[in-house]
Amino acid sequence: MATTIKKLTTPLAGLAATIGLLAGCTTDDSSSVPATRSSSAPPTTADAPSPTSPSTPATQSASPASPASPSSATSATAPAPGSNVAGTVVRFTSGGTQIDVTIDRNTPAARDFVSMLPLTLEFEDYSNSEKIAYLPRKLNTAGTPGSEPRNGDFSYYAPWGDIIFYYNAHGGYSDQVPRLGTYQATRDQLEALEGSSVTIQVAR
């Protein structure tokens, strides 16, 4: 600073030279300062995309994951809340495999299940007798009768909150297992539900 003050007392030509020198130094310093990186939010550029919201698995689900949008050409409008759902066909699609379930009871549990559609869930085998998947939340089963599981039944197990395809059913009547509908499928078609995301939607 003392040197600068002394230069300011020199003739005008010396002052101009000093100003030019200072201007050059200022430009070089500012260009070497790195840009400030924001820490308040992740980058949203193509090379560092922002994270997407996780699926709420079947909740278990985490939510089940987020449901895949079914094609408008193959899906139908779900019945209005409180309407009669008996006769509604619900389609389960995994890759090239489709299994149709016919809802055969107009019960609170059946209406609640249909009201949740469309969904995308993951199925697994249970006890070599059922293919099961957990819903994002438990169904309203108040006033819904139980059932005696039979092969071809599509049911719901209230304590665990999972839907069931029975293929090797055993056991007697249980008020914890309301039947929602029936289905027809081969064992190979049921096996195709495992290990991949299954889209569930109203077909008609």
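- Criterion: ILVMFWY side-chain heavy atoms under 4.5 Å apart, direct or through other members. Under it, Val89 and Leu180 are not part of a common hydrophobic cluster.
- Taking 4.5 Å as the limit, every side-chain heavy atom of Glu122 sits out of range of all side-chain heavy atoms of Ser196.
- The structure places OG of Ser155 at 11.0 Å from CD of Glu148, a figure rounded to the nearest 0.5 Å.
- With hydrogens and angles disregarded, no donor-acceptor distance shorter than 3.5 Å links the side chain of Thr97 to the backbone of Ala192.
- Partners of Asp162 by salt bridge (charged side-chain N to carboxylate O under 4.0 Å, His left out), not counting sequence neighbours: none found.
- Contact detail for Arg179 and Asp104: the closest heavy-atom pair is NH2-OD2, 2.9 Å.
- Taking the six-membered ring where the residue is Trp, Phe92 and Phe113 present parallel rings, their angle staying beneath 30° rather than reaching 60°.
- In this structure, Ile132 and Ile163 have side chains that are not in contact, with every pair of non-hydrogen atoms separated by 4.5 Å or more.
- Closest of all the heavy-atom pairs between Ala110 and Ile103 is CB-CG2, 3.9 Å.
- Atom CD of Gln201 sits about 7.5 Å away from atom CZ of Arg91, to the nearest 0.5 Å.
- The closest side-chain heavy-atom distance from Leu135 to Leu121 is below 4.5 Å.
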Go through Leu117 and Val90 one step at a time and tell me if the side-chain contact (heavy atoms from CB on, under 4.5 Å) criterion holds.
CA-CA 9 Å; Leu117 305 179; Val90 177; 3.7 Å; yes
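- Within the 4.5 Å cutoff, the side chain of Tyr156 has no heavy atoms near those of the Thr144 side chain.
- Within the structure, the ring-ring contact (aromatic ring centres under 6.0 Å, His included) test picks out no pair touching residues 185-204 (sequence neighbours left out).
- With a 4.5 Å cut-off on side-chain heavy atoms, Thr120 and Ile200 do not count as touching.
- Qualifying side chain to side chain contact (heavy atoms under 4.5 Å, CB included) partners for Asp112, counting only residues two or more places apart in sequence or in other chains: Ser115, Arg137, Leu139, Asn140.
- Evaluation of the side chain to side chain contact (heavy atoms under 4.5 Å, CB included) rule for Asp188 yields Thr186 as partners, not counting sequence neighbours.
- Of all the heavy atoms in Gly171 and Pro149, the pair that sits closest is O-CD, 4.3 Å.
- Considering every non-hydrogen atom in both Tyr173 and Gly146, the closest pair reads OH-N, 3.1 Å.
- Minimum heavy-atom separation, Asn106 to Arg111: O-NH1, 3.1 Å.
- Asp153 is linked by a salt bridge (charged side-chain N to carboxylate O under 4.0 Å, His left out) to nothing, counting only residues two or more places apart in sequence or in another chain.
- Sorted by first and then second residue, the ring-ring contact (aromatic ring centres under 6.0 Å, His included) pairs involving residues 177-198 (not counting sequence neighbours) are Phe165-Tyr183.
- Under the 6.0 Å cut-off for aromatic ring centres, Tyr126 and Tyr166 do not qualify, their centroids lying 6.0 Å or more apart.
- Looking at Leu119 and Pro136, their side chains come closer than 4.5 Å, going by heavy atoms from C-beta outward.
- Nearest heavy atom pair, residue Asn151 against residue Ala169, reads OD1-N, 2.7 Å.
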Applying side-chain contact (heavy atoms from CB on, under 4.5 Å), run through Glu130 and Leu190 and close with a yes or a no.
CA-CA 9 Å; Glu130 313 164 13; Leu190 290 175; over 6 Å; no
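- For residues 191-201, every residue pair satisfying the salt bridge (Lys or Arg N to Asp or Glu O under 4.0 Å) rule, not counting sequence neighbours, is listed here: Lys131-Glu191, Lys131-Glu194, Arg187-Glu191.
- Among residues two or more places apart in sequence or in another chain, the side chain to side chain donor-acceptor pair (under 3.5 Å) test is passed with Thr182 by none.
- Under the side chain to side chain donor-acceptor pair (under 3.5 Å) criterion, Ser174 pairs with no residue, sequence neighbours left out.
- A 4.5 Å side-chain heavy-atom check between Gln189 and Ile99 finds at least one atom pair inside the cut-off.
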